[in-house]
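Order of the sequence lines sets the chain letters (A, B, ...), proteins ahead of strands, with each chain counted from 1.
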Protein chains: 2
Amino acid sequence: MTEHQSAEDQILELLQALNKGVSPKFERCAGISPTRLRLLHELYQVEEISQISLQREIDIDAAAVTRHLKGLEESGTITRRNNPADNRVTLVSLTPQGRDRMHCYREEKNRFINGLLDGFDDAERKRLTDMLIRLQHNINVM
Amino acid sequence: MTEHQSAEDQILELLQALNKGVSPKFERCAGISPTRLRLLHELYQVEEISQISLQREIDIDAAAVTRHLKGLEESGTITRRNNPADNRVTLVSLTPQGRDRMHCYREEKNRFINGLLDGFDDAERKRLTDMLIRLQHNINVM
DNA sequence: CCACAATGGTTGACGGGTCAATTAAATAGG
DNA sequence: CCTATTTAATTGACCCGTCAACCATTGTGG
C-alpha cells in the first residue's frame, strides 16, 4: 500500500521535532516558559480574572493552572484573592512587578518569533498560519 | 512597535495547540504513543541495534529511552541482551510479537496521517513539509 | 428548608521529557 | 601495566501536562 509514505510520514515527525525544539529554545530566550507567558499575557490585558476563565483561555488542565499560579505567586508576579461574591472562585491579577516584567517578556517573544520566521515573507507566514489552522481543524474532527 | 503582532503571534500558539492535539489523538487512534512508535519503527527496519544508536535516531534523552524500553520489554514487544563484544552496550531487537504488532501500528499511523492531512493536495503537503523544515532550521541556528 | 446536583479549586498519582550523578566497562597513554 | 578518561546505561529528582478523587461553596427543586 502507501509506499510513498515518507513524505507524509515526515510531517508528523517534523511537528514533533519542532515542538521539542521550540519550547526549550523559547524558554532559554525569553526566560519564561511559553505556557506561563500565555498565562501572564491573559492577565496583562485584564485587571483581574477568575482562575477558571484563565484556564479556559489557555486551555490547559485546572491542576496545571493551580500549580503555575502557585509558582507565579511565590515569585511575586501575581496575586490571588477570593471573590467575595462567590467564595468558590479565586481572582488572579498581575502585581506591578508582574506588569513590569511583561514588557521584557513581550520584547523577547517578538524577537523569538521573528527569529523563528526568519526568511518567511508575509505571504508565506499567512500560508503557514492557514495550514496550521487546517491541521488543527482536522485533528478536532478526528 | 509591532502591533500587527497577532499574525505571527498566532503561529507560536498554533504550533503549541497543534502538538497538544496531535499526540493524545495519535495515541488514542494508534494505541501507542508517537515516541514509542518511533522507537519500534527504528527497530523494525533493523535486526538488532544498540540503545545508544536508537537514542540518537530518535533524539530523546537516554533516560527516556531506558524507561521506554523497560516498558516495551515487559510487554513482550522487544528483547535486550548485552553485546558480547562490548559489555557496555545493550542490543535491542523486536520480538516476533513486536513485529506483528508493528503491522497494525503502521496501518493506524497511515490512517492517522491521512486524516491529519485531509484536504491537503500533494503540492500543499510539500509546501507544508518545506516550511516545517525551514522553521526547524531557524530554531537550530538560534 | 433541605437534600442533591453543579461548580471552582486543590491534591495525588502517573506518563513523558529533561538534567545530573553514578556505575561498569573499555580505551589510551605515560 | 596501571591510572585516567571516555562511553553506555541506569537512577533519582524535577518540570509539565493529564486524569481522578476530593473539598467547599453555591444553586435548585421537591
OP1 or OP2 of [N] less than 4.0 angstrom from a side-chain nitrogen or oxygen of [X], does that happen here?
X	N	result
B/K70	D/dA9	no
B/Q51	D/dT10	yes
B/T90	D/dA9	yes
B/T66	D/dA9	no
B/H68	C/dG17	yes

Identify which nucleotide among [options] has an atom closest to any side-chain atom of [X], counting heavy atoms from C-beta outward.
X	options	result
B/S33	C/dG16, C/dT11, D/dC16	C/dG16
B/A64	C/dG17, D/dT18, D/dT10	C/dG17
A/R88	D/dT11, D/dT18, C/dA6	C/dA6
B/R80	C/dG16, D/dG27, D/dA9	D/dA9

ask   = Which whole-number value in Å describes the distance from B/L69 CG to D/dT10 P?
value = 8 Å
remark   = Minimal heavy-atom distance between A/L54 and A/E42, with the atoms involved, is CD1-CB, 3.6 Å
inquiry  = Given the structure, check if the side chain of A/R67 and the base of D/dT18 hold any donor-acceptor pair shorter than 3.5 Å.
reply    = yes
query = Hey, which of these two, B/K20 or B/D86, hits DNA chain D nearer its 5' end, going by closest nucleotide?
reply = B/D86
key: 5' priority, DNA chain D, between A/A63 and A/R36 [closest heavy atom]   = A/R36
inquiry  = When you compare the side chain of A/L43 with that of A/V92, does any pair of heavy atoms fall below 4.5 Å?
reply    = yes
query = Of A/A62 and A/Q16, whose nearest nucleotide on DNA chain C comes first from the 5' end?
reply = A/A62
message = Strictly distance-based, threshold 3.5 Å: is any side-chain N or O of A/S75 a donor or acceptor partner for the main-chain N or O of A/L72?
response = yes
task = Could you check B/Q45 against B/H41 for side chain to side chain donor-acceptor pair (under 3.5 Å), going step by step and ending with a plain yes or no?
result = CA-CA 7 Å; B/Q45 332 200 51; B/H41 184 73; 3.2 Å; yes
Applying a 4.0 Å non-hydrogen cut-off, can you work out what [X] is touching in the nucleic acid: base, sugar-phosphate, or nothing?
X	value
B/T35	sugar-phosphate
A/D61	base
A/N87	sugar-phosphate

inquiry  = Given A/L91, which partner from the list A/Q51, A/R81, A/E47 fulfils the side-chain contact (heavy atoms from CB on, under 4.5 Å) test?
reply    = A/R81
